[in-house]
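Both counts, for ligands and for their atoms, begin at 1 and track the order of listing.
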Amino acid sequence: MNQAIDLLKHHRLKKTPVRIQILEEFLKADRALSKSDIENAFDKLDRITLYRTLKSFEEKGLIHKAVDGSDKIKFALCHNGCTVHEHLDSHAHFHCNDCGKTFCMDDISAPEVKAPKGFTLGKTHLVLAGKCDTC
Ligand SMILES: [Zn+2]
Ligand SMILES: [Zn+2]
Ligand SMILES: [Zn+2]
């Protein structure tokens, strides 16, 4: 019935009211959310609680960082069966220059690149920028 509760259960996270509410914000949003986006949805939300909640969500494979080239750290819901062991999201993120929103481009993958000699590659981020479909 409640998708947020199901997701917490599935990722073995305790069902606290704050977690449920933060997760519901992600489920409602069709885009990546910054900390201030989430804070704005609450009457009162302790920053430490928010920080810890996002961290545990990321660790357990519920959300991932949506790197968009802006100075804001944003997170988006994972869709690819990510787990505590591994994040499988390698899709691009689209940053709208007009409204500042960031979207997951689930169908566009970051290209495989070969690191130059002596360099070790961690994660590749593909950032797209332009105008979103509502601007
Ligand atoms: Zn993920
Ligand atoms: Zn836009
Ligand atoms: Zn994403």
Side-chain angles (χ1 to χ4, degrees):
M1 185 198 93
N2 188 317
Q3 211 184 342
I5 292 174
D6 277 355
L7 274 170
L8 289 173
K9 216 190 206 169
H10 183 75
H11 291 269
R12 295 169 195 281
L13 280 155
K14 271 213 200 86
K15 301 179 279 287
T16 65
V18 173
R19 281 183 180 160
I20 292 169
Q21 211 181 332
I22 292 177
L23 197 49
E24 273 170 353
E25 288 307 314
F26 278 107
L27 288 164
K28 261 193 285 179
D30 53 353
R31 58 186 176 92
L33 298 176
S34 67
K35 276 187 195 163
S36 47
D37 287 332
I38 299 167
E39 274 170 345
N40 290 340
F42 283 75
D43 292 334
K44 196 169 167 272
L45 178 63
D46 177 46
R47 278 178 171 249
I48 311 263
T49 308
L50 175 59
Y51 170 81
R52 287 205 189 121
T53 305
L54 292 175
K55 203 173 164 211
S56 62
F57 281 3
E58 192 187 8
E59 278 168 6
K60 299 281 182 177
L62 261 173
I63 59 172
H64 59 276
K65 273 201 187 86
V67 175
D68 68 355
S70 76
D71 55 0
K72 273 196 181 161
I73 298 172
K74 295 177 187 171
F75 293 92
L77 215 54
C78 294
H79 293 290
N80 296 324
C82 297
T83 65
V84 62
H85 307 294
E86 200 183 7
H87 274 280
L88 304 168
D89 340 73
S90 59
H91 55 257
H93 290 104
F94 190 102
H95 183 64
C96 176
N97 293 326
D98 284 17
C99 64
K101 290 177 181 166
T102 303
F103 306 86
C104 290
M105 300 279 108
D106 289 319
D107 299 329
I108 305 172
S109 303
E112 286 212 22
V113 291
K114 229 176 116 191
K117 200 168 173 259
F119 289 78
T120 309
L121 201 62
K123 193 167 161 43
T124 310
H125 296 283
L126 178 59
V127 179
L128 310 171
K131 221 184 238 268
C132 78
D133 59 356
T134 49
C135 283

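- Looking at H93, its N, O or S atom nearest to the Zn ion (ligand 3) turns out to be NE2.
- E25 has a carboxylate O that lies under 4.0 Å from a charged side-chain N of K28, or vice versa, which qualifies the two as a salt bridge.
- Residue C82 counts as close to the Zn ion (ligand 1), with an N, O or S atom under 2.8 Å.
- Pairing each heavy atom of T124 with each of P111, the nearest pair is CG2-O, 4.1 Å.
- Side chain of H11 to backbone of K60: a donor-acceptor contact under 3.5 angstrom is found.
- Looking only at distances, a side-chain donor or acceptor of H87 sits under 3.5 Å from a matching main-chain atom of E58.
- Draw a line from the Zn ion (ligand 3) to SG of C104 and another to NE2 of H91, and the angle between them is 110° (to 10°).
- At the Zn ion (ligand 2), the vertex angle linking SG of C132 with SG of C96 is 120° (nearest 10 degrees).
- To the nearest 10 degrees, the Zn ion (ligand 1) sees ND1 of H87 and SG of C78 at an angle of 110°.
- The Zn ion (ligand 1) lies closest to atom OD1 when only the N/O/S atoms of D89 are considered.
- With hydrogens and angles disregarded, a donor-acceptor distance shorter than 3.5 Å links the side chain of H64 to the backbone of A76.
- For the pairing with K15, the side chain to side chain contact (heavy atoms under 4.5 Å, CB included) check across L8, D6, L23, L7 returns one residue only, L8.
- Rounding to 10 degrees, one finds that the Zn ion (ligand 2) sits at the corner of an angle of 110° between C135 SG and C99 SG.
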